[in-house]
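Numbering starts at 1 and runs along the sequence shown.
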Amino acid sequence: MSSSAPTPAPPSRSPSPSPPPSPSPPSVPSTRILFRVSDGRTAIGEFPQSTTLAEIRQYAQKHLHMDPRTTDISKRMPARALDFDLDASTLEELGLVPTGTLLLCSWEQRQKVLEESEAKRRREQEESGLLLHDRWDLMGPRAYVYIYAALFGALIAALALYLMTSRHGKEGDQSGI
């Protein structure tokens, strides 16, 4: 029996058309935040633009070990403190898109820095002798009146000397003509 069964066609050597590209899932707009901690640490995080400030506080607690109840968060540009009443605001509403910088400072760290800077300023003033307000009680207000009177007298004497020398110079120029 001869049957004429169809024979399979040999595979073609022509390139098969590539399947159409699958549509990529719509990307969620994100923002990159640079965290600067008062102790010198820095960190970078990428968040959806719909992230709230409360979620940023949680991130700082988990990844940067900052207590959200005692940590001040402020925005770098334009400078603005981000208080707890803004916790429901998104990064987009806070103007932190597509990038932003947040400064994190714990209250304990801030107090320590203030005390250190005050002690440094005080030491510099003591070394330079500029602590007049602390010496007011030692010298008394009358001493400052005498100091200012002496300075004023010296200024008047210098002005009188200048005027006399400038007048003599003009008289000498006129007599030589």
Side-chain angles (χ1 to χ4, degrees), residues 31-45 47 49 52-54 56-57 59-61 63-177:
T31 184
R32 184 171 290 211
I33 301 293
L34 171 65
F35 294 93
R36 292 188 175 273
V37 184
S38 58
D39 62 8
R41 294 179 292 152
T42 60
I44 297 177
F47 305 93
Q49 292 180 359
T52 63
L53 184 58
I56 294 295
R57 288 186 197 280
Y59 175 88
Q61 180 181 17
H63 297 284
L64 300 172
H65 311 293
M66 303 292 291
D67 184 358
R69 294 167 298 173
T70 61
T71 300
D72 288 333
I73 298 179
S74 57
K75 191 170 100 166
R76 179 104 187 223
M77 293 301 279
R80 177 182 177 194
L82 303 176
D83 297 324
F84 290 104
D85 58 340
L86 295 172
D87 276 358
S89 302
T90 64
L91 296 177
E92 187 173 14
E93 293 169 348
L94 295 171
L96 294 167
V97 292
T99 61
T101 300
L102 292 177
L103 308 172
L104 306 174
C105 183
S106 70
W107 296 344
E108 295 86 15
Q109 182 73 21
R110 175 177 287 173
Q111 185 63 32
K112 182 181 174 184
V113 167
L114 287 174
E115 289 171 359
E116 288 173 357
S117 67
E118 179 63 25
K120 180 181 176 184
R121 185 185 63 79
R122 201 118 174 71
R123 263 192 321 276
E124 289 172 353
Q125 284 181 339
E126 286 174 353
E127 290 170 359
S128 66
L130 293 178
L131 276 179
L132 296 178
H133 66 277
D134 287 345
R135 297 187 180 138
W136 179 266
D137 292 334
L138 296 174
M139 293 175 40
R142 190 175 300 169
Y144 287 100
V145 171
Y146 293 136
I147 291 171
Y148 288 125
L151 288 173
F152 185 70
L155 180 66
I156 295 296
L159 182 62
L161 183 63
Y162 171 76
L163 291 175
M164 286 190 328
T165 56
S166 66
R167 183 176 295 157
H168 286 296
K170 288 182 181 175
E171 290 174 1
D173 288 342
Q174 290 174 357
S175 62
I177 296 181

Check whether any side-chain heavy atom of Arg57 sits under 4.5 Å from a side-chain heavy atom of Ile73, and report yes or no. yes
Hey, does Leu96 have a side-chain heavy atom less than 4.5 Å from the side chain of Leu102? yes
Measuring from [X]:[atom1] to [Y]:[atom2], what's the distance to the nearest 0.5 Å?
{"X": "Thr90", "Y": "Ile56", "atom1": "OG1", "atom2": "CD1", "answer": "10.5 Å"}
{"X": "Ile156", "Y": "Leu151", "atom1": "CD1", "atom2": "CG", "answer": "12.0 Å"}
{"X": "Cys105", "Y": "Met66", "atom1": "SG", "atom2": "CE", "answer": "7.0 Å"}
{"X": "Glu92", "Y": "Thr52", "atom1": "CD", "atom2": "OG1", "answer": "13.5 Å"}

Salt bridge (Lys or Arg N to Asp or Glu O under 4.0 Å) with Arg80: which residues, sequence neighbours excluded?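 Result, salt bridge (Lys or Arg N to Asp or Glu O under 4.0 Å) vs Arg80: none returned.
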Can you name the nearest heavy-atom pair linking [X] to [Y], along with the distance?
{"X": "Leu86", "Y": "Leu53", "answer": "O-CB, 3.6 Å"}
{"X": "Ala60", "Y": "Leu104", "answer": "CB-CD1, 4.1 Å"}
{"X": "Ser38", "Y": "Ser106", "answer": "OG-N, 4.0 Å"}
{"X": "Leu64", "Y": "Ala43", "answer": "CD2-CB, 3.7 Å"}
{"X": "Thr42", "Y": "Leu34", "answer": "CB-CD1, 4.3 Å"}

Ion pair Arg121/Glu124, N-O distance below 4.0 Å: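 No.
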Tyr59: what forms a ring-ring contact (aromatic ring centres under 6.0 Å, His included) with it, not counting sequence neighbours? Phe35, Phe47, His63
Taking everything shown except Arg32 itself, do over 12 heavy atoms lie less than 6.0 Å from its CZ? no
Determine yes or no for a side-chain-to-main-chain donor-acceptor pair under 3.5 angstrom, with Asp72 supplying the side chain and Ser74 the backbone. no
So, Asp67 side chain and Arg69 main chain: donor-acceptor pair closer than 3.5 Å or not?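 Such a contact is found between Asp67 side chain and Arg69 backbone.
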For the pair Lys112 and Glu115, evaluate salt bridge (Lys or Arg N to Asp or Glu O under 4.0 Å) and give the outcome as yes or no after the intermediate values. CA-CA 5 Å; Lys112 182 181 174 184; Glu115 289 171 359; over 6 Å; no
